[in-house]
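The figures here come from the full heavy-atom set of this structure, side chains too, leaving out hydrogens, waters and symmetry mates. All figures in this text were calculated on a predicted structure; none of them were measured in a lab.
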Amino acid sequence: SAVISQKPSRDICQRGTSLTIQCQVDSQVTMMFWYRQQPGQSLTLIATANQGSEATYESGFVIDKFPISRPNLTFSTLTVSNMSPEDSSIYLCSVDVGLNQPQHFGDGTRLSIL
Amino acid sequence: GENVEQHPSTLSVQEGDSAVIKCTYSDSASNYFPWYKQELGKGPQLIIDIRSNVGEKKDQRIAVTLNKTAKHFSLHITETQPEDSAVYFCAAQEAGANNLFFGTGTRLTVIP
């Protein structure tokens, strides 16, 4: 399976600021995804990061709040914009290497907003 | 959309006993069902998965069963060990789709 690295692993931010999270994979992958896991909760898909085109967002998530880039097949970024305490969560990157292949996750970015 | 329910939310077992976690799903179009283990401070790790053309799959101490008619699937861990303590998530995926719908998680504690 692919090795997925996320940076930063954790951060504490002031409300109103923005943070960009990076996801790097050690091999080319077809699909990259961004999930949110609120404290003690399950995982919710934010968006699918499409290489060379705009990300596909799930209901309840918008590009202005969570802009995503995917410049190539091994790298993606998620920005959490204009943060508020409600954005305190773990943000997880996942990948799958092809159709009908399982998704594998990075260790996440633990974000706290004061 | 798909709705996945997971029970129990917490489970404590004695070391060496078996643990069973159950999930139900709502969308009959779902055909792929992975299970993830999440340890503290880590991301979810895939431990086993099953597709809808199979009723049961086993990997050493871990097994998953699927009942398509009833739309439920279960994770079975035998001979539990303290290192099995973690949060376990089930998920379901529709055919041809990329989105995984996750259950609410089960916190398993194995008591030495």
Side-chain angles (χ1 to χ4, degrees), chain A residues 1-10 21 23-25 29-51 55-61 70 76 89-112, chain B residues 1-10 21 23-25 29-54 57 59 62 64 73 75 86-109:
Chain A
S1 61
V3 177
I4 304 159
S5 302
Q6 272 188 247
K7 291 182 181 179
S9 59
R10 61 178 66 244
I21 302 167
C23 179
Q24 179 75 54
V25 192
V29 295
T30 307
M31 308 295 291
M32 296 182 77
F33 308 91
W34 287 98
Y35 286 81
R36 182 174 74 182
Q37 185 177 24
Q38 294 179 302
Q41 302 296 313
S42 188
L43 288 78
T44 302
L45 181 65
I46 297 172
T48 302
N50 301 308
Q51 196 267 329
T56 304
Y57 289 84
E58 298 300 309
S59 176
F61 298 97
R70 185 159 177 208
S76 177
S89 289
I90 302 171
Y91 292 86
L92 294 149
C93 170
S94 77
V95 306
D96 75 43
V97 298
L99 189 62
N100 294 326
Q101 296 300 309
Q103 285 188 26
H104 298 278
F105 286 82
D107 280 339
T109 296
R110 283 146 185 81
L111 184 57
S112 297
Chain B
E2 175 67 277
N3 181 46
V4 179
E5 296 190 355
Q6 183 172 346
H7 300 281
S9 56
T10 60
I21 302 170
C23 289
T24 61
Y25 61 99
S30 291
N31 69 344
Y32 174 64
F33 307 93
W35 285 89
Y36 290 87
K37 174 184 180 183
Q38 188 174 28
E39 296 176 286
L40 192 63
K42 298 287 188 181
Q45 179 186 8
L46 180 73
I47 56 171
I48 196 167
D49 57 6
I50 191 167
R51 297 192 183 274
S52 59
N53 58 346
V54 175
K57 184 176 179 180
D59 182 4
I62 296 173
V64 57
F73 55 114
L75 177 70
V87 179
Y88 291 81
F89 290 98
C90 63
Q93 184 180 61
E94 298 174 7
N98 295 308
N99 194 5
L100 282 174
F101 293 88
F102 282 84
T104 48
T106 296
R107 182 174 298 279
L108 173 64
T109 302

K.L.:
Just to verify, what does Lys42(B) make a side chain to side chain donor-acceptor pair (under 3.5 Å) with, not counting sequence neighbours?
P.N.:
none

K.L.:
Which atoms of Gln103(A) come close to chain B, meaning under 4.5 Å heavy atom to heavy atom: side chain ones, backbone ones, both, or neither?
P.N.:
both

K.L.:
Go through the atoms of Gln38(B) and report whether side chain, backbone, both or neither lie under 4.5 Å from a heavy atom of chain A.
P.N.:
side chain

K.L.:
Under 4.5 Å between any side-chain heavy atoms of Leu46(B) and His104(A), yes or no?
P.N.:
yes

K.L.:
Working to the nearest 0.5 Å, report the span between CG of Leu100(B) and OH of Tyr35(A).
P.N.:
4.0 Å

K.L.:
What's the shortest heavy-atom distance between Ser42(A) and Phe102(B), and which atoms?
P.N.:
OG-CB, 3.2 Å

K.L.:
Under the ring-ring contact (aromatic ring centres under 6.0 Å, His included) rule, collect the residues that match up with Trp34(A), sequence neighbours excluded.
P.N.:
none

K.L.:
Quick check: are there more than 12 heavy atoms from other residues, nucleotides or ligands sitting under 6.0 Å from CZ of Arg107(B)?
P.N.:
no

K.L.:
Rounded to the nearest 0.5 Å, how far does OG1 of Thr44(A) lie from CZ of Phe101(B)?
P.N.:
10.0 Å

K.L.:
CG of Asn99(B) to CE of Met31(A): how many Å apart, nearest 0.5 Å?
P.N.:
10.0 Å

K.L.:
Where do Gln37(A) and Phe89(B) come nearest, in terms of heavy atoms and distance?
P.N.:
NE2-CZ, 3.5 Å

K.L.:
Can you tell me which portion of Pro34(B) sits under 4.5 Å from chain A's heavy atoms? Options are side chain, backbone, both or neither.
P.N.:
neither

K.L.:
What part of Arg110(A) lies closer than 4.5 angstrom to a heavy atom of chain B: side chain, backbone, both or neither?
P.N.:
side chain

K.L.:
What's the shortest heavy-atom distance between Pro102(A) and Tyr32(B), and which atoms?
P.N.:
CB-OH, 3.1 Å

